[in-house]
Colleague: 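Please see the structure below; I have some questions.
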Amino acid sequence: MSAEAADVMDIQLNKGPNGLGFNIRGGTDNEHRSDDPGIFVTTVREKGAAAEDGRLQPGDKIIEVNGVDVTMVKHYEAVQAFHSAKDIVNLRVVRNPYPDDLESTRTGDQVQSSSLWPYFIVGGLIGIGGYFVWRRFQ
């Protein structure tokens, strides 16, 4: 969906003591959506400038950060745009251009984060055990 056909809004956030208070995913090197390499808001944390403002929501697409176009940038370039901003951050945002996908994205993220952690622990323990076996036969 093009930005022209969607609900575009400008949001000004003051970083404050709790920071901006949201997470992003996406970029040309790490697409959040296979059909759109843009930068998307995935989480708005309870404390932070975004929650206090109340307008930024999961699923929103960020198209500018302080006047810099971030529609076709690598993820780290978008992160750098946020980090290089001083206390005030001006965002141009497209309100959730893919509303049908928002709920499945939220649910999928929650399922992954809550159900896969035992596998990470087991994988880590196996990796540690493998290291000691390797060291023994060196």
Side-chain angles (χ1 to χ4, degrees):
M1 170 176 282
S2 69
E4 297 79 26
D7 184 14
V8 177
M9 66 182 139
D10 293 319
I11 301 174
Q12 185 176 74
L13 300 175
N14 184 344
K15 282 186 180 180
N18 294 316
L20 294 172
F22 64 92
N23 296 347
I24 59 169
R25 286 184 69 186
T28 58
D29 59 336
N30 188 21
E31 294 177 353
H32 180 59
R33 294 184 50 89
S34 62
D35 59 344
D36 189 337
I39 303 296
F40 292 87
V41 175
T42 56
T43 307
V44 176
R45 295 188 296 274
E46 289 182 26
K47 294 185 178 182
E52 289 175 15
D53 179 85
R55 291 179 287 171
L56 196 64
Q57 302 295 320
D60 289 352
K61 180 178 178 178
I62 298 172
I63 57 176
E64 285 184 14
V65 178
N66 286 343
V68 176
D69 184 339
V70 294
T71 57
M72 292 295 292
V73 299
K74 293 182 179 182
H75 183 80
Y76 79 89
E77 293 172 316
V79 171
Q80 186 178 14
F82 286 106
H83 287 299
S84 67
K86 303 295 180 199
D87 295 332
I88 303 294
V89 179
N90 294 296
L91 304 175
R92 177 157 285 171
V93 175
V94 177
R95 169 64 74 212
N96 191 7
Y98 307 100
D100 296 339
D101 294 344
L102 178 61
E103 194 57 40
S104 64
T105 300
R106 273 192 195 156
T107 303
D109 286 346
Q110 290 173 353
V111 168
Q112 288 178 356
S113 64
S114 64
S115 64
L116 292 180
W117 67 268
Y119 296 103
F120 293 121
I121 292 173
V122 170
L125 292 174
I126 291 171
I128 291 170
Y131 171 77
F132 287 114
V133 169
W134 175 78
R135 291 285 295 170
R136 176 160 171 83
F137 292 104
Q138 280 291 318

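Just so we're clear, the structure is a prediction, and the values are computed from it rather than from any experiment.
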Colleague: What about Ile39 and Met9, same hydrophobic cluster or not, with Ile/Leu/Val/Met/Phe/Trp/Tyr joined at side-chain heavy-atom distances under 4.5 Å?
Modeller: yes
Colleague: Search all heavy atoms of Met72 against all heavy atoms of Pro37 and return the closest pair with its distance.
Modeller: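 Between these two residues, the closest heavy atoms are SD-CG, 3.5 Å.
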Colleague: Under 3.5 Å, is there a donor-acceptor pair between the side chain of Asp29 and the main chain of His75?
Modeller: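 Yes, because the side chain of Asp29 sits within donor-acceptor range (under 3.5 Å) of the backbone of His75.
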Colleague: Report, as yes or no, whether the 6.0 Å neighbourhood of atom CD on Gln80 holds more than 12 heavy atoms from other residues, nucleotides or ligands.
Modeller: no
Colleague: Might you point out which heavy atoms bring Phe40 and Gly59 nearest each other, and give the distance in Å?
Modeller: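 Distance-wise, the nearest heavy atoms are CD2-O, 3.8 Å.
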Colleague: Does Val44 reach the side chain of Pro58, with side-chain heavy atoms less than 4.5 Å apart?
Modeller: yes
Colleague: Within a strict 4.5 Å, meaning less than it, do heavy atoms of the Ile24 and His32 side chains meet?
Modeller: no
Colleague: To the nearest 0.5 Å, tell me how far Glu46 CD sits from Asn18 CG.
Modeller: 11.5 Å
Colleague: Between Ala50 and Leu56, what is the shortest heavy-atom contact and its length?
Modeller: CB-CD2, 4.1 Å
Colleague: Would you mind reporting whether Arg92 and Val8 have side-chain heavy atoms less than 4.5 Å apart?
Modeller: yes
Colleague: Using a 3.5 Å distance criterion without hydrogens, assess whether the side chain of Arg33 forms a donor-acceptor pair with backbone atoms of Gly38.
Modeller: no
Colleague: Is the side chain of Asn66 donor-acceptor paired with the backbone N or O of Asn90 at a distance under 3.5 Å, no angle test?
Modeller: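 Flag set: sc Asn66 to bb Asn90 pair under 3.5 Å.
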Colleague: Is the shortest heavy-atom distance from the side chain of Phe82 to the side chain of Leu91 under 4.5 Å?
Modeller: yes
Colleague: Before you tell me yes or no, could you show the steps for Tyr98 and Asp35 under side chain to side chain donor-acceptor pair (under 3.5 Å), namely the whole-Å CA-CA distance, both residues' side-chain angles and the distance that decides it to 0.1 Å?
Modeller: CA-CA 11 Å; Tyr98 307 100; Asp35 59 344; 4.7 Å; no
Colleague: For residues Lys15 and Leu20, report the shortest heavy-atom separation together with the two atoms involved.
Modeller: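 Taking every non-hydrogen atom into account, CG-CD2, 3.8 Å.
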Colleague: Nearest heavy-atom pair of Gln57 and Asp60: which atoms, and what distance?
Modeller: N-OD2, 2.9 Å
Colleague: Atom OG1 of Thr28 and atom CD of Glu77: how far apart are they, to the nearest 0.5 Å?
Modeller: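 These two atoms lie 6.5 Å from each other.
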Colleague: Can you name the nearest heavy-atom pair linking Asp53 to Gln12, along with the distance?
Modeller: OD1-O, 4.3 Å
